[in-house]
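Below: the structure, in structure tokens.
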Amino acid sequence: NAGVTQTPKFQVLKTGQSMTLQCAQDMNHNSMYWYRQDPGMGLRLIYYSASEGTTDKGEVPNGYNVSRLNKREFSLRLESAAPSQTSVYFCASTDPFRGPNVLTFGAGSRLTVL
Amino acid sequence: DQQVKQNSPSLSVQEGRISILNCDYTNSMFDYFLWYKKYPAEGPTFLISISSIKDKNEDGRFTVFLNKSAKHLSLHIVPSQPGDSAVYFCAARGWSGSARQLTFGSGTQLTVLP
């Protein structure tokens, strides 16, 4: 019973490098989300995908791109990493039958940009 | 401008006593409120929620109270147990663009002392 799986768990990048965070869910959820968590800031929405084939910007989309590859997978790409993108990233998905916006989160990906 | 605020970064409580975690919000259009719990190195997990048309929701040891006139919600944990030690996030649901989104508070670290 995997739920939401994120890879990698840890990554260190140099400024300007690119990378992709992968997320997959096995719960047949339609909606998927990417959040970042910074100290004192809570969780802020980067991008979301309400259903397969659609993506929309959240509160802090600058510097990121996303791809909803299929119903299971939703990836987050940093094209040119900056130190301000040092954060813990969480992928989440929702099941509308559990209640409004009850998100199931992955374990997180800790990214450090030097 | 943080629409959802948790003003206490930390709270310590003795085992068996009541824990009260507080959350304030500014947007009167929020229609649903949720609490999530987060252990270190894990993703947040859903705990309890309340609709804006209710003023109380109870689930075992956890009760959420909503005071709409004061734009305030609180989570009561009775009795508190050491396993409750975690970061607690409140979240509020509102419209952003064409979809409902969750806005999270910055979290409160609860420590239950044995």
Side-chain angles (χ1 to χ4, degrees), chain A residues 1-10 21 23-25 27 29-51 54-61 87-110, chain B residues 1-10 21-27 29-54 57 59 64 86-109:
Chain A
N1 189 12
V4 178
T5 303
Q6 293 181 231
T7 55
K9 292 192 186 304
F10 300 95
L21 299 177
C23 175
Q25 51 92 7
M27 297 171 287
H29 290 175
N30 284 321
S31 301
M32 299 184 72
Y33 305 78
W34 276 105
Y35 287 87
R36 60 178 288 174
Q37 184 196 3
D38 301 294
M41 299 291 290
L43 291 143
R44 292 182 294 167
L45 182 63
I46 305 171
Y47 269 94
Y48 67 97
S49 171
S51 60
T54 69
T55 60
D56 283 289
K57 295 178 181 179
E59 181 185 356
V60 288
S87 187
V88 181
Y89 292 85
F90 290 98
C91 178
S93 64
T94 58
D95 170 6
F97 298 106
R98 280 197 70 194
N101 289 95
V102 174
L103 303 174
T104 300
F105 284 87
S109 299
R110 182 175 293 276
Chain B
D1 178 31
Q2 283 189 294
Q3 296 189 68
V4 178
K5 290 185 181 180
Q6 294 177 256
N7 292 316
S8 298
S10 63
L21 295 95
N22 294 304
C23 182
D24 296 299
Y25 62 96
T26 57
N27 187 345
M29 300 304 290
F30 287 142
D31 65 350
Y32 225 88
F33 302 89
L34 303 89
W35 284 93
Y36 284 82
K37 179 170 71 174
K38 183 184 180 305
Y39 293 117
E42 294 183 12
T45 56
F46 170 72
L47 189 57
I48 192 170
S49 64
I50 187 168
S51 165
S52 61
I53 63 173
K54 308 265 187 180
N57 187 28
D59 183 1
V64 56
V87 177
Y88 289 78
F89 291 99
C90 66
R93 188 182 78 167
W95 285 97
S96 177
S98 60
R100 289 195 180 102
Q101 298 299 338
L102 291 183
T103 301
F104 285 84
S106 55
T108 296
Q109 171 70 57

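Worth knowing before you read on, the calculation uses all heavy atoms, side chains too, and leaves out hydrogens, waters and symmetry mates. Proteins come first, then strands; the chains are lettered A, B, ... in the order of their sequence lines, and each starts at number 1.
Looking at B:P44, the atoms closer than 4.5 Å to chain A (heavy atoms on both sides) sit in the backbone and in the side chain alike. Interface remark: A:E59 contributes no atoms to any contact with chain B (heavy atom separation under 4.5 Å). Of the two parts of A:L45, only the side chain, counted from C-beta on, holds a non-hydrogen atom closer than 4.5 Å to a non-hydrogen atom of chain B.
Once rounded to the nearest 0.5 Å, the distance linking OG1 of A:T94 with NE2 of A:H29 reads 7.0 Å.
Most heavy-atom pairs under 4.5 Å with chain B: of the set A:G106, A:G58, A:G42, this distinction falls to A:G42.
The backbone N or O of A:F90 sits nowhere less than 3.5 Å from a side-chain atom of A:Q37 that would complete a donor-acceptor pair.
Looking at A:S87 and A:D38, their side chains do bring a donor and an acceptor atom within 3.5 Å of each other.
The side-chain contact (heavy atoms from CB on, under 4.5 Å) test with B:L102 is passed by exactly one of B:F89, B:Y36, B:F30, B:F33: B:Y36.
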